[in-house]
Every structure is written in C-alpha cells, then in structure tokens.
Amino acid sequence: MLDTRKIEHSGSFSYRHLHTRAVTTTTIMILQTFLSFIFFSALFPSVLCIFLDPSNITDAILPSYDYIVVGGGLAGLVVANRLTEDKNVTVLVLEAGDLDSADNAVTVPAFVGHNLSPAYDWGIQMAPQEFLSNRTPHFPQGRVVGGGTVINGMVMTRGSRVDYDAWEELGNPGWGWQGLLPYLMKVRTSVTIIIHTHHLELQSETFVTDVDPEVASTFHIQPNMSTHGTTGPLEVAYPRFFYNQSSNFLRGLSELGIPLPGDPNAGAMAGGMINPSSMTRDRTRADSRTAYLNGVLNRTDLHLATGQTVTRILIGAGRGYDPDFGNLRRANGVEYTESATAVRQSVMCRREVILAAGAILSPVLLQVSGIGPTPILEDLNVDVQVNLPGVGQNLQDHGMVGAFYNYTAPNLFSTRNLTDETLSEAKQEYFTDHTGPWTAPLISTVAFLDLRSLASNWSSMIYNISKVPAEQHLPPGPGQHPSIINGYKVQRRLLQRLLSLTSVGAIEIMADTTGTLTASLQHPFSRGTVRARSADIFAGGSVDKNVVLDPRYCAQPEDCQIMVASLLFNGRLVGTDAMKELLPQPPAPWNMATAGSGLVANATKLLDAAVRSGLGTEFHPVGTTSMMPFDMGGVVDPRLMVYGTENLRVVNAGIIPLVPGAHLQASVYAIAERAADILKEDAASFAQTYNQKWQTKWKA
Ligand SMILES: Cc1cc2nc3c(=O)[nH]c(=O)nc-3n(C[C@H](O)[C@H](O)[C@H](O)COP(=O)(O)OP(=O)(O)OC[C@H]3O[C@@H](n4cnc5c(N)ncnc54)[C@H](O)[C@@H]3O)c2cc1C
C-alpha cells in the first residue's frame, strides 16, 4: 500500500538533495530513481512500494520474507540494500523509529550537537554509575530510519591497523586490518578536498573549487587515496570552512611533539588532525538512509516498515546439529507492534533473521527471546532457548568529559558569532555555494593521543593492572562466568599491548571553536552490562524503561587515571605559544591543570572529581554481542551467526569485541558491508548444497 505520509517524507528527501544543491550527477541519479519509484508506485501501488503503511501494516506486510532485518539503522540499511541487489531475494526491515524530517537540524553540518531531537532518540538513562557518584546520565541512541547516523556528530575515523588486528587475535580470522580494508574502502565514495582559504571575516572569504595546496598544507590534509574508495554509496568530505582555532590547536600539539599525520585513517589513528566527516560533496549529512536507502526506492523486494518495534524473535527447533550446542535453534520470524498497547503481530522468515538493533537493544531482544545467560533468562521467566553467558556482557564505551578553556582573544571568530547578520550570511552562502561555516560540523579538529605522550608513568599505569585478578573489576553475577573472565583476560593483554604503542590513541581530544577540549577514553579496561528488566520489552510503557544499562565507567580505576592524565595534557596544550594566542581563560577546575607544577597534586585530585562528576558517553557502545569464541564469552562466530542457532545473525556495533580507538561509524559500515557478503556467500553455498542433495537423490 502506498503510504502518502512517507512519500511526503520522500518529498522532503528531494528537497534535501535537490533544492539545496547544484544539480550534480548524483542528484540526477537520485531524481531518476525517485521518479521511477513514483511511476512504478502509481502503476502498481500494492506491490511496488518500499514503505509499508503503518496504519495498515497487517495488509501491507507479506506473511513471510527471505530475510527479516530488525532495526533500520546504520547496519540494517546496509545489509538490506546489499541483499536486495539480488532480485530474487525479499527483505523486510522493521524499524521502531520513523523517517527523519530532513530539516536543517539533521542535514546541516553546523547544526551537529544542536537540537538533538528527542523524537529520534530512545531516551535511555544509565543505571546509577557506581564509580561516578551514582549519577544516571542519558545515553542517546538513534531511533529513526538510519539509526545513529542521523543524529551523530559525522566524524569519520577508522581505528588503527592494530585495533582491527586485535579483533582477529580474539578468534576471528579475516577480521584484521587487511581483511577489513576492502570493506572500509567500499563504503567511502570520496575524500573530497575542496578547500577555500579562511579569514576572520566571512565576507572576505575566497573560494576555490579545487585542492588548495597551501590550505591543505596548513591543516596537514593529505589523504592516502590508496586506502580510500571512490565509488561507494557513502560520501565523506572535509568541511569547506576552517576556523583559525584549528590551526592553533594543531600547532600547539606540534609544540608538544604530537605528530600531525596527513591521513590517520590509513592505519595509524594517532596524532592531531582535521577529521573527514560523513557528508556529501554538497556538505549535507551523509547517513545510512541517504547512502543506502534513498537510492534503492524502486526495489520491489525490499520492504521497510517504520514505527514498528520488534518485541521478540520467535525461536523454535532447527534442523541442524552442532557438537557444542546439540540441536540448533531456528529463528522462525519475529513479533512486532506499533506501540505498547497495540496488538502484537508476527511475520515469518524463510532464510534468516538479522538482528541490527544496535549494541544496546540487540542483547535485550536476544534475552527476551530466550537467548542469554541462564540466570538472567530465569529471572525474566523466559524459556531458555540457548544459554549464552556473553549476551549483554563485555559492554565497552568511550567515556567522555567536556573540559572548557574559554578562548577570549578579541576578534576571534567562533560559532558564537554565528548570530544575526553573520548567521544569515552563513546560511545564504551555504545554500548558494555549499561553502562557509555551515559546512563545518561541531567537531572537525581532533587529536588521538598515545599513552606515552600523556603520562610519564604510562608503563606502570597499565602493567599494574595485571597485578589484580581479571575478575576483580568485572561485573558481578553473569559477568563472573568463566568464559567471560577468560575472554576478558585476553582482551586485557591486548589492551596493554595496544596502549604501549605510539600508533594507538589512549585518549581523543575533540576541539570546538569556543574553547572546549573534550577528552574521551579510547581503550577502556572497564566492562559494563546491559539487560532486560522484564520479558515484555514494553513493560512500564516504553522500551527505555525496560533497559538496564550499566556501562560501569571507571570500574577499572586506571581508566579514570588516564582521563585525568588527558586533562593535565589539555593544561599543557593551552599553555603552548600557539594556543596562548587564543587567550584561554579556563574556569575551575580546568584552570587547575594550567596553574603550574606546584599545584599538580591537588589538580589531580580535583580533576579526578571533575571526571567523576562530568563523565558521560561518547555514544560508542560495543561488545554486548561480541564476535569471539564461545569459551571467551562470545555471542556470534566470525560469520556473525549467534551460537546455538542456525539462522540468526547479529550485524551491528555490538559484535565488536574490542572497541577501536576511533569514532565507530566507519567500522560499523565496514562490518555491515562484510556481513552482506557473508550472507550472500552462505546463501549461495546453501543453494549449491541443496541442489547437490536433490541431484544426488534424483540420480540415485
Ligand atoms: C549522538 C550520537 C553521536 C555519534 N557521533 C558519532 C560520530 O561523530 N562519528 C561516528 O563515527 N560515530 C558516531 N556515533 C556512533 C554511530 O552513529 C553508531 O556507532 C552507529 O550508528 C551504530 O550503528 P548500528 O547499526 O550498530 O546501530 P544504530 O545505527 O543505532 O541502528 C539501530 C537501529 O535499530 C533500531 N531498533 C532498535 N531496537 C529495535 C526494535 N526492537 N525494533 C525495531 N527497531 C529497533 C533503532 O531504532 C535504530 O534505528 C554517534 C552516535 C550517537 C547516538
């Protein structure tokens, strides 16, 4: 059925791509796709429609699909797109959120971090954080078609080569840097360098439409194109405006001996840099909806049902047998509903269910469906389908603290100046030429600092960790299962090795234009948990109320120590000649780090308190359905199949066994691209085996 409300959204999609841009090849392609979609939809309204009408979902949805994808976020849309490249495959995506409105708050890079719409967020609060004065900070997670990519900060960074090699060492052949690089490249269309010279006055900017070698050299932008793709759906670009503060930041780092590599995304994410962003060549947000959905609206075998929350995976007896798990379980389909009070419906799958509901809600869904640690399943009073101790364990996140150094230099042009006439000019320039300050996301200047650069006692700091038994700082209950401890021991050794390397960031510093230098911990030792509160994920009226999310930041005390070391580094940084040009006037407690060596002892104590009272999420949860061997607490195997099942896979950030020192989206796009290839390969080999079986039978 044709859903006119959704088509209106598609109309705003056309605004987003056509109204605000010069007509480029890409937009012509999109326009053609869009028009053919309208044309076909008009001819065959009940068949050729990708969007299922939420008000008439029972009629719109087919009784069964080859694949059901739970969650139309980053990974879900990539997989759905790639699977339906095969015209013989039907795919249903069930997404709890709606399509985004495509208004400026979503699309314009300068609006990142402003007006984060509650409509696109699950509204999850953390459980009281034991090591952070029992605070319960908010934990934003995308609830919209495109998931986190529609609300994220657009920073596009890959982990270091050794980060991915560590995944391979955790029992996942082929998931190291070499194996993943083709997929990291596959998603990237272009690292576009179209830079204009920057001035303090907006009016005097000079635009160039090609690489400006001088500016590229000032900001150390030298992408290594042998590691970047040029034909994938997702566009990646640099802003077309740089604030002068970026230069101060980079020069300040240089004074302190921090390298400024031309392209940290080529395998060594360490040093100071202008980071590329997930944005189109017209400098609008590039997300998984625009990159992987909008171009395939004419596919008849791809159905997207928005506003539908999956409440359970329907598990039954499988056909296969595994020596470790006995008779395998099978995902027959899923149960879903429009709201807490609406009727629960079900839809069946012929081949596989792909769980792409993100790192927080995927383990919750597994648990309410009977897959997880037996003690939790018994507590929830659900039948145990597969006892998997790792479901909801091994939660890792980059904890983040915003520290403010308050640049007071007169005539400094910052985002604060984007008001009144200047704002109008910036807006007009953006919509006319796709240049100017509105092309600059909140964060485009960052540094990934290795531990050696942060702390002279780096070695004792990380090696002291091995002096206590691994289980001491792991969560109680299911977190103490021998397999979880076993897996953590290996991770801890890997982390110690990673943190001893200068090519790996222990901390990321994100610089804004007004004086905030946000620090976030890149390789935490602490491990948290996530679990369902009740077997009904709508218990209490909404899903967020049924999620017990406990990241346990700083459960391992060294994590907080590294954060404090990074704030002391910030103090040194703002004391460099380059940064002093900005006249930083930090308020307490951030001024403690800059007040001189005599105060360092006290500063450490005060900064530790500041970390504990200010630390929140950098929005990078992973690990809760880890890809690791079963006896190390793993939940999925290297082909992303849930242990003990024959057709249930997890494809999202939750499968990452060890969080890389980088923002996550580049890694998750690569994971999803690779997952799609795995699914296609397995479908082909299944078809071949099936054919062979019947041919043999027939010949016999
Ligand atoms: C505020 C914020 C800022 C970020 N900034 C950056 C950044 O600057 N750079 C970067 O690299 N990364 C960033 N990230 C992280 C990045 O966006 C995520 O890592 C990425 O989106 C994870 O992809 P995913 O597929 O695992 O999950 P998601 O993209 O979150 O997708 C999961 C989808 O599943 C849906 N879903 C969940 N449960 C159900 C259910 N029961 N039924 C139906 N649907 C369901 C959700 O609504 C969602 O759409 C940020 C994330 C956030 C939240």
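When a ligand or atom number is given, it counts from 1 through the structure's own listing order.
Ligand 1 places these atoms under 4.0 Å from at least one heavy atom of L365: 41 (N). Against a heavy-atom cut-off of under 4.0 Å, V144 is close to the following atoms of ligand 1: 47 (O), 49 (O). The distance from ligand 1 to the heavy atoms of A75 drops below 4.0 Å at these ligand atoms: 25 (O).
Aromatic ring centres of F241 and Y243 lie closer together than 6.0 Å.
The N/O atoms of N652, backbone and side chain alike, include none that comes under 3.5 Å of an N/O atom in ligand 1. Considering both main-chain and side-chain atoms, L361 never comes within under 3.5 Å of ligand 1 through any nitrogen or oxygen pair. Not a single N or O atom of G76, backbone or side chain, sits closer than 3.5 Å to an N or O atom of ligand 1. Checking only distances, I537 never comes within under 3.5 Å of ligand 1, N or O to N or O. Taking any N or O of L664, backbone or side chain, at least one lies under 3.5 Å from an N or O belonging to ligand 1.
Contacts of Y336 with ligand 1, taken as heavy-atom pairs under 4.0 Å, are absent altogether. Counting heavy atoms closer than 4.0 Å to ligand 1, residue L94 contributes backbone atoms (N, CA, C, O) but none from C-beta onward. Of the heavy atoms in A356, only backbone atoms (N, CA, C, O) come closer than 4.0 Å to ligand 1. Here V310 has heavy atoms under 4.0 Å from ligand 1 in both its backbone and its side chain.
Ionic pairing of E95 and R143 is not present here: no N-O contact between side-chain nitrogen and carboxylate oxygen is shorter than 4.0 angstrom.
Around atom 20 (C) of ligand 1, the closest heavy atom drawn from V69, D98, V622, L74 belongs to L74.
A side-chain donor from one of Q385 and R329 sits under 3.5 Å from a side-chain acceptor of the other. Of the N and O atoms on the side chains of N275 and S444, not one donor lies less than 3.5 Å from an acceptor on the other residue. Q141 and Y120 share no side-chain donor-acceptor pair at under 3.5 Å. For T284 and T107, the side-chain atoms include no donor-acceptor pair closer than 3.5 Å.
Residue contact check for ligand 1: M156 places no non-hydrogen atom closer than 4.0 Å to it. Within the structure, the closest approach of G142 to ligand 1 falls below 4.0 Å when heavy atoms are considered.
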D397 vs Y553, test: side-chain hydrogen bond (donor to acceptor under 3.5 Å, both in side chains). Steps then yes/no.
CA-CA 8 Å; D397 184 27; Y553 299 110; 2.6 Å; yes
